[in-house]
Colleague: 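One structure, as structure tokens, below. Some questions next.
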Amino acid sequence: MSPSFSKLFVATSLVAASLTGAAPLEQLQERSAKNTTKPKVIMDNDWSTAGFIPYLLALDAGWDVLGLVSDTANSWALQTGLHALATLEVGNLSCIPVHKGADYPILNTPELFQTWEMVHGKLPWEGAFAPENLTYEALGNDPTSGDPSRISKSAFFEGYPNTTFASKDAAWFMIEQVRKYPGQVSIYSAGSLTNVALAVRMDPEFAKNAKELIIMGGYIDVNLLQVTGSTMQADWNSDINLMIDPEGTKIALSAPFPNITIAGNVANQVTVSQEYLDDIYKVRNPYSTLMHEYYGTIFPLWDETAAAILLDPTIVKNTTSFYLDVDTAPSSPSYGNIHAYQEALKPTAQNLQKVNMVVSVDGNRLKKWVKRAVQYPKTCANL
Ligand SMILES: *[C@@H]1O[C@H](CO)[C@@H](O)[C@H](O)[C@H]1NC(C)=O
Ligand SMILES: *[C@@H]1O[C@H](CO)[C@@H](O)[C@H](O)[C@H]1NC(C)=O
Ligand SMILES: *[C@@H]1O[C@H](CO)[C@@H](O)[C@H](O)[C@H]1NC(C)=O
Ligand SMILES: *[C@@H]1O[C@H](CO)[C@@H](O)[C@H](O)[C@H]1NC(C)=O
Ligand SMILES: *[C@@H]1O[C@H](CO)[C@@H](O)[C@H](O)[C@H]1NC(C)=O
Ligand SMILES: *[C@@H]1O[C@H](CO)[C@@H](O)[C@H](O)[C@H]1NC(C)=O
């Protein structure tokens, strides 16, 4: 623990102590929920040890994070939800509820996915559908394939959570919140779209009454990039979030949300260097420490880019729009990928939505924002 860390530690615990003395966390949460002018978001993701930055950005921007929802994409929804609970806990943010999402996509299973791969080729990153390997899990990796109710405790580098899931399943929670605040709730999805699809099918008013849907994913025209570089370059240009659940993705992205925004190709724009991680780590707290140790320099600010576009659209430098379809033919090599149409040529036999595709963002602003949100995170005491 460095001197700067202990100073921050003392300062935040004093603030926490004085505020929690006056009101228990439930009341604090109630109080923040009563500020009806605060924009509201539900964040659905395949959470991980270093995957907390999207909600830190939302809190930093003064948004009301109604809850986190877990999904099956990089790993099973149980494991990713436990990561959400754990990462909230390390930052005293357990007043934000976590709702577990569906274990399985609408139709897809590891077996079907692996069979598709035998016909159409291997994905460099297979997420939850990589073959089960218990040795690999024991070394600190999240579970893939096999039993979705299995937990890999060794993967909790942030600590195993001492808190528990909120009782309502993810899709019900999302429906309930959108009914409570019609027209006000933004849905952020940076993993698979299974829970959103379930909510859309369970409540025909859900999409219409949400404020908007923003997703991380929706890569387009990247086939050449999948073959003209390393398998890591191919990884950057494969759409695992969508491909885990092609049918769920189609249901969600063809639902009548008032506004749909996709952050696919643009999510690769801003990369992370060791210098950047070291710079953030100059202010020590549990989040800067986890980011420094586990974020790594291999992957760009994928989910963070999507979150930033939602939270502050002025960060967008260029955008385009088109009618979007999702390939749901298992016989296709593009199964689970998007297809775009212009107005004059769009299909007439199905009602596709016009979506915004962000082309570029102000990368320097994004990096500064991530730095501030991680260095000076909000806690439940000051939400
Ligand atoms: C309510 O939220 C808005 C938007 O974040 C903020 O500007 C305002 O100061 C908040 N009001 C109170 C009373 O906290
Ligand atoms: C839960 O409590 C145990 C025991 O105090 C601790 O080691 C662990 O880090 C805690 N988990 C989190 C996520 O903080
Ligand atoms: C969380 O709360 C505990 C107890 O109030 C406090 O000791 C700790 O410093 C807080 N941690 C953070 C990251 O705010
Ligand atoms: C399982 O993981 C271990 C550890 O990473 C690795 O050595 C082994 O080759 C893997 N097994 C298979 C079948 O891929
Ligand atoms: C839709 O969302 C995008 C991204 O947040 C924003 O730039 C745009 O202004 C929104 N459009 C409408 C009509 O609300
Ligand atoms: C915005 O993106 C479109 C589509 O990629 C491109 O044609 C256009 O040149 C871009 N405009 C600017 C100002 O970057």
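A quick note: this is a predicted structure, and the numbers were derived from the prediction, not measured. We count ligands from 1, going down the list as the structure has it; atoms in each ligand are counted the same way. These numbers come from the heavy atoms of this one structure, side chains and all, not from hydrogens, waters or symmetry mates.
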Colleague: Please determine if T320 has a nitrogen or oxygen closer than 3.5 Å to a nitrogen or oxygen of ligand 6.
Modeller: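 No, T320 has no N/O under 3.5 Å of an N/O on ligand 6.
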Colleague: Output the distance between atom CE (M291) and atom CD (Q375), rounded to the nearest 0.5 Å.
Modeller: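 Reported value, rounded in 0.5 Å steps: 10.0 Å.
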Colleague: Once salt bridge (charged side-chain N to carboxylate O under 4.0 Å, His left out) is applied, do any residues pair with E275, and if so which ones, sequence neighbours excluded?
Modeller: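 None.
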Colleague: Membership question, hydrophobic clusters at under 4.5 Å side-chain separation (ILVMFWY): are M216 and I220 in the same one?
Modeller: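 Each belongs to a different hydrophobic cluster.
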Colleague: Mind checking the OH-CG spacing from Y219 to N337? Nearest 0.5 Å is all I need.
Modeller: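 It comes to 11.5 Å.
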Colleague: For ligand 2, which of its N or O atoms have a protein N or O partner closer than 3.5 Å, and how long is each gap?
Modeller:
{"from": "ligand 2", "atom 1": "2 (O)", "to": "N162", "atom 2": "OD1", "distance (Å)": "3.0"}
{"from": "ligand 2", "atom 1": "2 (O)", "to": "N162", "atom 2": "ND2", "distance (Å)": "2.4"}
{"from": "ligand 2", "atom 1": "11 (N)", "to": "Y160", "atom 2": "O", "distance (Å)": "2.8"}
{"from": "ligand 2", "atom 1": "11 (N)", "to": "N162", "atom 2": "ND2", "distance (Å)": "3.0"}
{"from": "ligand 2", "atom 1": "14 (O)", "to": "E89", "atom 2": "OE2", "distance (Å)": "3.4"}

Colleague: Taking only distance into account, with no hydrogens and no angle test, what donor-acceptor pairs under 3.5 Å do side-chain atoms of residues 75-84 form with protein atoms, sequence neighbours excluded?
Modeller:
{"from": "S75", "atom 1": "OG", "to": "P143", "atom 2": "O", "distance (Å)": "2.7"}
{"from": "W76", "atom 1": "NE1", "to": "S145", "atom 2": "O", "distance (Å)": "2.9"}
{"from": "Q79", "atom 1": "OE1", "to": "S152", "atom 2": "N", "distance (Å)": "2.9"}
{"from": "Q79", "atom 1": "NE2", "to": "D142", "atom 2": "OD1", "distance (Å)": "2.7"}
{"from": "Q79", "atom 1": "NE2", "to": "S152", "atom 2": "O", "distance (Å)": "3.1"}
{"from": "T80", "atom 1": "OG1", "to": "D71", "atom 2": "O", "distance (Å)": "2.9"}
{"from": "T80", "atom 1": "OG1", "to": "A77", "atom 2": "O", "distance (Å)": "3.3"}
{"from": "H83", "atom 1": "ND1", "to": "E158", "atom 2": "OE2", "distance (Å)": "2.5"}
{"from": "H83", "atom 1": "NE2", "to": "D142", "atom 2": "OD1", "distance (Å)": "2.9"}

Colleague: What atoms of ligand 5 come closer than 4.0 angstrom to any heavy atom of T261?
Modeller: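 Close to T261: 2 (O), 3 (C), 4 (C).
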Colleague: Could you establish whether I309 and ligand 5 come within less than 4.0 Å of each other, counting only heavy atoms on the residue side?
Modeller: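 A heavy atom of I309 does come that close to ligand 5.
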Colleague: Counting from 1, what ligand 5 atoms have a heavy atom of P313 closer than 4.0 Å?
Modeller: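 Once the distances to P313 are compared, the set is 5 (O), 7 (O).
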Colleague: Check for me, please, whether Y276 and W236 land in the same ILVMFWY cluster - side-chain distances under 4.5 Å, paths through other members count.
Modeller: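 No: no chain of side-chain contacts under 4.5 Å links Y276 to W236.
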Colleague: Classify the contact between I214 and ligand 5 as side chain, backbone, both or neither, using a heavy-atom distance cut-off of under 4.0 Å.
Modeller: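 Near ligand 5, I214 shows nothing, with every heavy atom at 4.0 Å or more.
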Colleague: Are any of the side-chain nitrogens in K208 or E205 under 4.0 Å away from the carboxylate oxygens of its partner?
Modeller: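 Salt bridge: yes.
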Colleague: List the residues meeting ring pair (Phe, Tyr, Trp, His ring centres under 6.0 Å) with F322, not counting sequence neighbours, and say none if there are none.
Modeller: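 Result, ring pair (Phe, Tyr, Trp, His ring centres under 6.0 Å) vs F322: none returned.
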Colleague: Going by heavy atoms, is V359 under 4.0 Å from ligand 6?
Modeller: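 Contact check V359 vs ligand 6: positive.
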Colleague: Which one of V65, T379, N382 satisfies the side chain to side chain contact (heavy atoms under 4.5 Å, CB included) criterion with L59?
Modeller: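 Of the listed residues V65, T379, N382, the side chain to side chain contact (heavy atoms under 4.5 Å, CB included) partner of L59 is V65.
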